[in-house]
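These notes concern the structure reproduced below.
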Protein chains: 2
Amino acid sequence: MSPPTYELLYHPSIPGRGEYIRLFLEATSTPYTDVGQSSYDEVRSICCSPSSLHDAAGNPPPFAPPALRVKGEGKNGGDLVISQTGNVLMYLAERTGELCGDGGGQERWWVQGLAMTALDLSNETHDTHHPVAVMDYYEDQKEESLRKAKDFRANRIPKFFGYFERVLKGNEKEGKGKYLVGSKLTYADTTIWHVLDGLLFAYPKELAARKKDYPILLDTFYKGIKEEKGIKEYLESGRRFPFSMGLFRKYPELDRQ
Amino acid sequence: MSPPTYELLYHPSIPGRGEYIRLFLEATSTPYTDVGQSSYDEVRSICCSPSSLHDAAGNPPPFAPPALRVKGEGKNGGDLVISQTGNVLMYLAERTGELCGDGGGQERWWVQGLAMTALDLSNETHDTHHPVAVMDYYEDQKEESLRKAKDFRANRIPKFFGYFERVLKGNEKEGKGKYLVGSKLTYADTTIWHVLDGLLFAYPKELAARKKDYPILLDTFYKGIKEEKGIKEYLESGRRFPFSMGLFRKYPELDRQ
C-alpha cells in the first residue's frame, strides 16, 4: 500500500499556522503538496467561504485554514479533510507513526499537550498586534497593542519560557536538553521551535535580554532543532517562507525599549 | 479488566475549562473524581506550581489546569497525566470509544476539529473581559474590554455561529439539527453547547437578538443537547456549577445595549 497523498490547504507565501504542519512533513521527509502556492482559489473556496457546506465525501467545512486534505482516506473512498492545526499534527503523527515519542503509549499524549501549549503561545503572540479587533488594522489598535505587548513581555513570555525550560530540564536525562519528550524529535519540539523562531523575529530585544534565564530552551534546544534531519535540509532549501506580516510581526515599538 | 479511574484536576466550584471534560464524563456516565473539590492543594501542586518538574511516572507538568489523571495508565504502572482540554477530550474518546462518531474512522477527526473550534470561541469569550493583561483585574482593562466586546458581538459571534449553523445544516440528514457529526452525540456537541450556555449567561441580549439568524444552533440543537441521556441527569442533579467569575462573566456593559 503506497502512502497517502497529503495536501496542505493554507494561505500562500507566509509561514503562518501552516508552518507547524509543514515542519512535521519536512522533518519526516513526507511528500506533500502546498496547494495554496498554485491554487489559492481552491484553498479559499474550501477553507474561507462563509457559505461552504459539507463536500461530497461528507467532510464538514474547515472554520479557517490550515487544513489537511488526504487523498482517498475519506468516506467512500473520497478525500478526508481535517482542520485545526493541533488536530492535523496529531493525525499526521498517528498516520505516519512519527514524531510522537513511543508511539502507541503515553508519550503521544504528552507530545500533543506540549504542542497545544506552544500553539497557545503562538496565538498569544498574534494577539499582541491584534488585541481587540482581529479584522482591523494594527495601526487602529496600536494603543491597546502597546499595553498587551508590555504584559506579554513582562508576564507571558517568562511563564511560557519558564515552563518549557522546566520540561526540557525534567527530560534532560533522556532528551539531553534537545527534546521535550523522550530521546528523539517530536512535533512538540518542532512546534515550540517555530514559535521561538517567530519570537526571535518579532521581539528580538526581549529575547536577547531573556536568553540567560532560559539556557536550555534558547540555546541547546533552539540550536539543536535546526540540525535535525529533515529540518536542516528544509532550512537550507530556501523553501521556508520568511516571517513578514502574519502571526509573527516585527513592530519595534512593541519590543523591549 | 475494570475501567480506569479518572481524576479531573481543576479549580473548585467553577465550570471553567474543566466543564468541557465534566460534560464528556457525565454524558457517558463515566465515574470520575473531581479532585479540586476535596484536595485543591493537590491540584495546585501538580498544575499551578511555577517550579514543578516531571513526576515519578515521567509525566511532564501541565502548563495549567485542567488536566486528567488516569490511575495506573502511566509508565511502569504509574499514573498518566494529560493536559490541554482538547487533548483530554480526545484521550477520553479514544479510551472509552464514546462521543467520537464512527470510532476508528474519519468522524473522530471531524469531532476533534469542531471541538477545538468551539474551544477557540470559548477562549475569545474569555478575552473579551481580559483583552490586554490576563492577570490584571477586569476593572483595570475595562476600556479595552468594551472595544473588544463590541467587535466580538459584531464580528466574531456571527462568524462562529454562522459556521456551526452551517455544519448542523450540512449534517441535517443524519443529525436532524441535533448533532454536528453523524446521528448521535459527540464531544463536539457537548463542547459547543457549553459555550452557547456560557454566552447565554454572559451576553443574554446579544444572543436574544441573534436567535432568529441561527435557528438550528440556538433552538433545535441547544435545546436538544439538554435532553441527552447523561446530560439531562447532570443538569437536574444540582452538581453542575453555576457560571460566576470564570471564563464566562456577566458584565452588562459588554453586552448589546
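Taken from CE in A/M116 to OG1 in B/T85, the straight-line distance is 7.5 Å, to the nearest 0.5 Å. Distance check: B/E124 CD to A/D127 CG gives 8.0 Å after rounding to the nearest 0.5 Å. A/N171 contributes atom CG, which lies 5.0 Å from atom NE2 of B/H54 (distance to the nearest 0.5 angstrom).
Across A/D151 and B/V134, no two heavy atoms sit closer than the pair OD2-N, 3.9 Å. Listed here is the closest heavy atom pair of B/L53 and A/G170: CD2-N, 4.3 Å. Across all non-hydrogen atoms, the minimal contact from A/A57 to B/W110 is O-CH2, 4.0 Å.
Considering only heavy-atom pairs separated by less than 4.5 Å from chain A, the leading option among B/P50, B/A64, B/G162, B/G86 is B/P50. Contact count versus chain A (heavy atoms, under 4.5 Å) is highest, among B/K169, B/M135, B/Q112, for B/Q112. Among the candidates A/V81, A/V167, A/L114, A/I82, the residue making the largest number of heavy-atom pairs closer than 4.5 Å to chain B is A/V167. For chain B, the option among A/N123, A/N87, A/V88, A/V70 with the highest count of heavy-atom pairs below 4.5 Å is A/N87. Contact tally against chain A (heavy-atom pairs below 4.5 Å) for B/A115, B/P61, B/A154, B/A67: the top residue is B/P61. Contacts with chain B were tallied for A/D140, A/T128, A/N155, A/V181; A/D140 has the most, counting heavy-atom pairs under 4.5 Å. In terms of heavy-atom pairs under 4.5 angstrom with chain B, the leader among A/S145, A/A149, A/A133 is A/A133.
A/F63 touches chain B through backbone and side chain together, each having a heavy atom under 4.5 Å away. With a 4.5 angstrom heavy-atom cutoff, A/D120 touches chain B only via side-chain atoms. The contact between A/P131 and chain B is made by backbone and side chain atoms together, counting heavy-atom distances below 4.5 Å. No part of A/F152 comes within reach of chain B, as not one of its non-hydrogen atoms sits under 4.5 angstrom from that chain. Using a 4.5 Å cut-off between heavy atoms, A/M90 touches chain B through backbone and side chain atoms alike. Of the atoms belonging to B/F160, heavy atoms from both backbone and side chain fall under 4.5 Å from chain A. At a 4.5 Å heavy-atom cutoff, the contact between A/K159 and chain B is made by backbone and side-chain atoms alike. B/Q141 touches chain A through backbone and side chain together, each having a heavy atom under 4.5 Å away.
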(request) Decide salt bridge (Lys or Arg N to Asp or Glu O under 4.0 Å) for A/D136 and B/R147; before the verdict, give the C-alpha distance in whole Å, the side-chain angles of both, and the deciding distance to 0.1 Å. (result) CA-CA 12 Å; A/D136 288 1; B/R147 184 169 173 196; 3.7 Å; yes

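With respect to B/E144, the side-chain contact (heavy atoms from CB on, under 4.5 Å) criterion is satisfied by exactly one of A/K148, A/E144, A/E143: A/E144.
Residues B/S52 and A/R166 bring a donor and an acceptor atom of their side chains to less than 3.5 Å of each other.
Judged by distance alone, the side chain of B/Q106 and the main-chain N or O of A/E73 form a donor-acceptor pair under 3.5 Å.
The number of heavy atoms from other shown groups lying within 6.0 Å of NZ (B/K142) does not exceed 12.
A perpendicular orientation is assigned to the rings of B/W109 and A/Y91, their planes being inclined by more than 60° (bins at 30° and 60°).
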